[in-house]
Amino acid sequence: QVLVTDSGGGSVQAGGSLRLTCTASESTFRSYDSAWFRQAPGKEREFVSAISWRGDNTYYADSVKDRFTISRGLGKNTVHLQMNSLKPEDTAVYYCGVDVNFHPKVKSDYLRPATYDDWGQGTQVTVSS
């Protein structure tokens, strides 16, 4: 089992930036399809962004398409989410999901929480206005 840790959240003003980091512990020399989801109070968990294990395919929710960038870190077990031009509606707990038990995917599969086997504990992002 892979332990997933997500971090980097915080409180920023509208228009500010944050960089989230997802690390899959004990996954050195392995890379996994990964994604970020978020959940605001009283709302359903929603897809934010995903990246294939190679890093050659990325996916974004329309709401963050031109503001967030997902990338793989220097280590293949690390994924980042650079969030720019943050808006109050981005306020949520952000969770990193990792597909440790890889299965072939089409685009829609990346957007489904059930695709991912292990999740981080969540990191709070708060955007004030």
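All values below come from the heavy atoms of this structure, side chains included, with hydrogens, waters and symmetry mates left out. The first residue of the sequence shown is numbered 1, and numbering continues consecutively from there.
- Using modelled atom types, one side-chain atom of Arg72 and one backbone atom of Ser52 make a donor-acceptor pair closer than 3.5 Å.
- Between Phe68 and Leu86, some side-chain heavy-atom pair lies under the 4.5 Å cut-off.
- Remark: the backbone N or O of Tyr60 is not paired with any side-chain donor or acceptor of Ser49 at under 3.5 angstrom.
- Shown here for Tyr110 and Phe47, the closest heavy-atom pair between the two residues is O-CE1, 3.5 Å.
- Contact annotation: the side chain of Pro113 approaches that of Trp119 to within less than 4.5 Å [non-hydrogen atoms, C-beta and beyond].
- Put simply, the side chain of Arg45 never gets that close to the backbone of Arg38: no donor and acceptor are under 3.5 Å apart.
- Put simply, the side chain of Leu3 does not reach to within 4.5 Å of the side chain of Asp118, judged on heavy atoms.
- Residue Ser17 comes nearest to Val12 through the heavy atom pair O-CG1, 3.8 Å, listed as atom of the first residue, atom of the second, then distance.
- With Lys105 as the fixed residue, the side chain to side chain donor-acceptor pair (under 3.5 Å) test singles out one of Thr115, Asp99, Asn57: Asp99.
- Although no hydrogens or angles enter the test, the distance criterion places a donor-acceptor pair under 3.5 Å between the side chain of Thr123 and the main chain of Gly9.
- Linking ILVMFWY residues whenever their side-chain heavy atoms come closer than 4.5 Å, directly or via other members, places Tyr95 and Leu111 in the same cluster.
- Using a 4.5 Å heavy-atom cutoff, the side chains of Leu18 and Val125 are in contact.
- Put simply, the side chain of Asn77 does not reach to within 4.5 Å of the side chain of Ser31, judged on heavy atoms.
- Counting heavy atoms from C-beta outward, Cys22 and Thr5 have side chains that stay 4.5 Å or more apart.
- Of the possible donor and acceptor atoms, none in the side chain of Tyr116 sits under 3.5 Å from a partner among the backbone N and O of Trp36.
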Exercise for the section: Verify side chain to side chain donor-acceptor pair (under 3.5 Å) between Ser71 and His80, making sure each step is shown before the conclusion. Expected result: CA-CA 5 Å; Ser71 62; His80 301 291; 5.7 Å; no
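- Under a 3.5 Å cut-off, the side chain of Thr91 and the backbone N or O of Thr126 do not form any donor-acceptor pair.
- Arg112 CZ: 12 or fewer foreign heavy atoms inside a 6.0 Å radius.
- Considering every non-hydrogen atom in both Tyr94 and Asp6, the closest pair reads O-OD2, 3.8 Å.
- Counting only distance, with no hydrogens or angles, the side chain of Ser34 and the backbone of Tyr32 share a donor-acceptor pair below 3.5 Å.
- Heavy atoms of other residues, nucleotides or ligands lying less than 6.0 angstrom from CG of Asp56 number more than 12.
- What you find for Ala40 and Ala92 is that their closest heavy atoms are N-CB, 3.8 Å.
- In this structure the side chain of Gln82 reaches within 4.5 angstrom of the side chain of Asn84, judged on heavy atoms.
- Put simply, Val64 and Tyr59 are part of two different groups of oily side chains (I, L, V, M, F, W, Y) that touch within less than 4.5 Å, one to the next.
- Looking at heavy atoms from C-beta onward, Met83 lies out of side-chain contact with Asp90 at the 4.5 angstrom threshold.
- Closest non-hydrogen pair, Lys87 versus Val127, comes out as O-CB, 3.3 Å.
- Here CD1 of Ile70 is found 6.0 Å from CG of Leu81. Values are rounded to the nearest 0.5 Å.
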